Amino acid sequence: LDIQWYPGHMAKARRLLQEKLPAVDIILEVVDARIPLISRNPDFDDLFAAKERIILLNKADLADESITKKWIKYYEQQGWYAIAVTAVRSNTRKLVMQFIEKTMRPRLEKLLREKGLRKVTRGMIVGIPNVGKSSLINTLAGGASAKTGNRPGVTRGTQLMRITPYLELLDTPGILWPKFDDQDLARDLAYCGSVKDEIMDTEKLCAGLLEKLAAEFPECITGRYGVPTEGDGYALTERIALKRGWIRAGSVPDCERAAMSILMEFRSGKMGRITLESPPGES
Ligand SMILES: Nc1nc2c(ncn2[C@@H]2O[C@H](COP(=O)(O)OP(=O)(O)OP(=O)(O)O)[C@@H](O)[C@H]2O)c(=O)[nH]1
Ligand SMILES: [Mg+2]
């Protein structure tokens, strides 16, 4: 599987973030709770070194709850503010607002003492594509107004939204790093939907996912599709296609359609709550 990805708009998006940075007080870094470390852009540590940053493990509803807890602990031990969220749930608003308030309080109190004023805090929501940045901003704003979609690259520019009289948040386009040195990591990103499917071999991707699931979470495949997990990923795709009736004329399994459907089902949690990455030191 050769996932290389360096469209010009990623470089442009990075410049855009850099330009906005001076006017920003806090960074809200959204990661995918199913791959909390792989879905962090290593470039962000450089880019945002000087800013207060909190990590939001989003899509927590799709991840294994006990592993998410371990990830929160892991990040806290590393000195980060970290919180698990489900952007598409409305109670997330209160949870995140309280968290931001707690994180920012020392700074706000200092400002209040020194200048006697309460300044509007401006946060910037950043992350790799498709992790739920725009969904989160919509939930925090209390109504849908940023465009969202279940594919990477939906947000192209930045959009500032007033959340409360004292908080503004800037939505930004997802940014992936220019080159994948580790193809295994790239695959996990692709399974979770952060890499454009158009640049990948979908059947190969699906076969890889099924092999991984068959090895680590076989009950998710048997539970969802009722098929045995033997054989390689292609054989498994074919078996699932036949079972689900994803077939073409002449009773031939439609593996292309099956691959896309299986990937979408995994991404939307239909196979269960699966976390693909455990904190370093845990198995
Ligand atoms: N199950 C679940 N789905 C979510 C959650 N948050 C976002 N989604 C879905 O994930 C997809 C991507 O959401 P977006 O908010 O568009 O993601 P984004 O990070 O803004 O993506 P780009 O703008 O492309 O970088 C959409 O289909 C959302 O409905 C969540 O917490 N749980
Ligand atoms: Mg977006």
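All ligand and atom numbering here is 1-based and tracks the order in the structure. Every value quoted in this text rests on a predicted model; they were computed, and no experiment measured them. Numbers for residues simply follow the sequence, beginning at 1. All values below come from the heavy atoms of this structure, side chains included, with hydrogens, waters and symmetry mates left out.
A pairwise comparison of heavy atoms in Ala141 and Met161 identifies CB-SD, 4.4 Å as the closest pair. Looking at every heavy atom in both residues, Ile274 comes nearest to Cys220 through CD1-SG, 3.6 Å. Scanning all heavy atoms of the two residues, the minimum distance from Ile35 to Asp188 falls at CD1-O, 3.9 Å. Of all heavy-atom pairs spanning Val126 and Thr172, the tightest one is CA-OG1, 3.8 Å. Closest approach of Ser145 to Asn138, counting heavy atoms only: N-OD1, 3.0 Å. The shortest non-hydrogen separation linking Ser39 to Val31 is OG-CB, 3.3 Å.
Within the 4.5 Å cutoff, the side chain of Glu219 has heavy atoms near those of the Thr222 side chain. A 4.5 Å side-chain heavy-atom check between Val131 and Asn58 finds every atom pair outside the cut-off. For the pair Ile83/Tyr75, no side-chain contact is recorded, criterion being any heavy-atom separation below 4.5 Å from C-beta on. Taking 4.5 Å as the limit, every side-chain heavy atom of Leu236 sits out of range of all side-chain heavy atoms of Tyr225.
Taking atom 12 (C) of ligand 1 as the reference point, the nearest protein heavy-atom neighbour is Asn130 OD1, 2.9 Å. Scanning the protein heavy atoms around atom 17 (O) of ligand 1, the nearest turns out to be Gly132 N, 3.1 Å. Of all protein heavy atoms, the one lying nearest to atom 10 (O) of ligand 1 is Lys59 NZ, 3.2 Å. Of all protein heavy atoms, the one closest to atom 19 (O) of ligand 1 is Lys133 NZ, 2.6 Å. Protein heavy atom at the shortest distance from atom 29 (O) of ligand 1 is Val88 CG1, 4.0 Å. Scanning the protein for heavy atoms near atom 31 (O) of ligand 1, the closest one is Ala87 N, 2.9 Å. Ranking the protein heavy atoms by distance from atom 13 (O) of ligand 1 puts Ser135 OG, 3.4 Å first.
Ligand-side atoms of ligand 1 in range of Arg151: 24 (O), range being under 4.0 angstrom from any heavy atom. Of all the atoms in ligand 1, the ones that sit under 4.0 Å from a non-hydrogen atom of Gly174 are 25 (O). Listed by atom number, the atoms of ligand 1 under 4.0 Å from Leu62 heavy atoms are 1 (N). Short contacts between ligand 1 and Thr155, defined as distances under 4.0 Å to a heavy atom of the residue, involve ligand atoms 20 (O), 22 (P), 23 (O), 24 (O). Under a 4.0 Å criterion applied to the non-hydrogen atoms of Gly153, ligand 1 contributes the atoms 24 (O).
Ligand 1 has an N or O atom lying under 3.5 Å from an N or O atom of Val131, backbone or side chain.
Nearest to atom 24 (O) of ligand 1 by heavy-atom distance, out of Thr172, Val154, Thr139, is Val154. Here the shortest heavy-atom distance to atom 1 (N) of ligand 1, taken over Asp61, Asp171, Asn58, belongs to Asp61.
Between the side chains of Ser134 and Thr155, at least one donor-acceptor pair of N or O atoms lies under 3.5 Å.
Taking a cutoff of 4.0 Å between a charged side-chain nitrogen and a carboxylate oxygen, Arg244 and Asp254 do not qualify as a salt bridge.
Taking the ring axis of Trp71 as reference, the NZ or CZ atom of Arg40 does not stay both within 45° of it and closer than 6.0 Å to the ring centre.
At least one heavy atom of Gly149 sits closer than 4.0 Å to an atom of ligand 1. Ligand 1 lies less than 4.0 angstrom from a heavy atom belonging to Pro152.
When each of Glu52, Arg53, Glu76 is checked for a side-chain contact (heavy atoms from CB on, under 4.5 Å) with Tyr81, only Glu52 meets the rule.
Of all protein N/O/S atoms, those lying under 2.8 Å from the Mg ion (ligand 2) come to 2.
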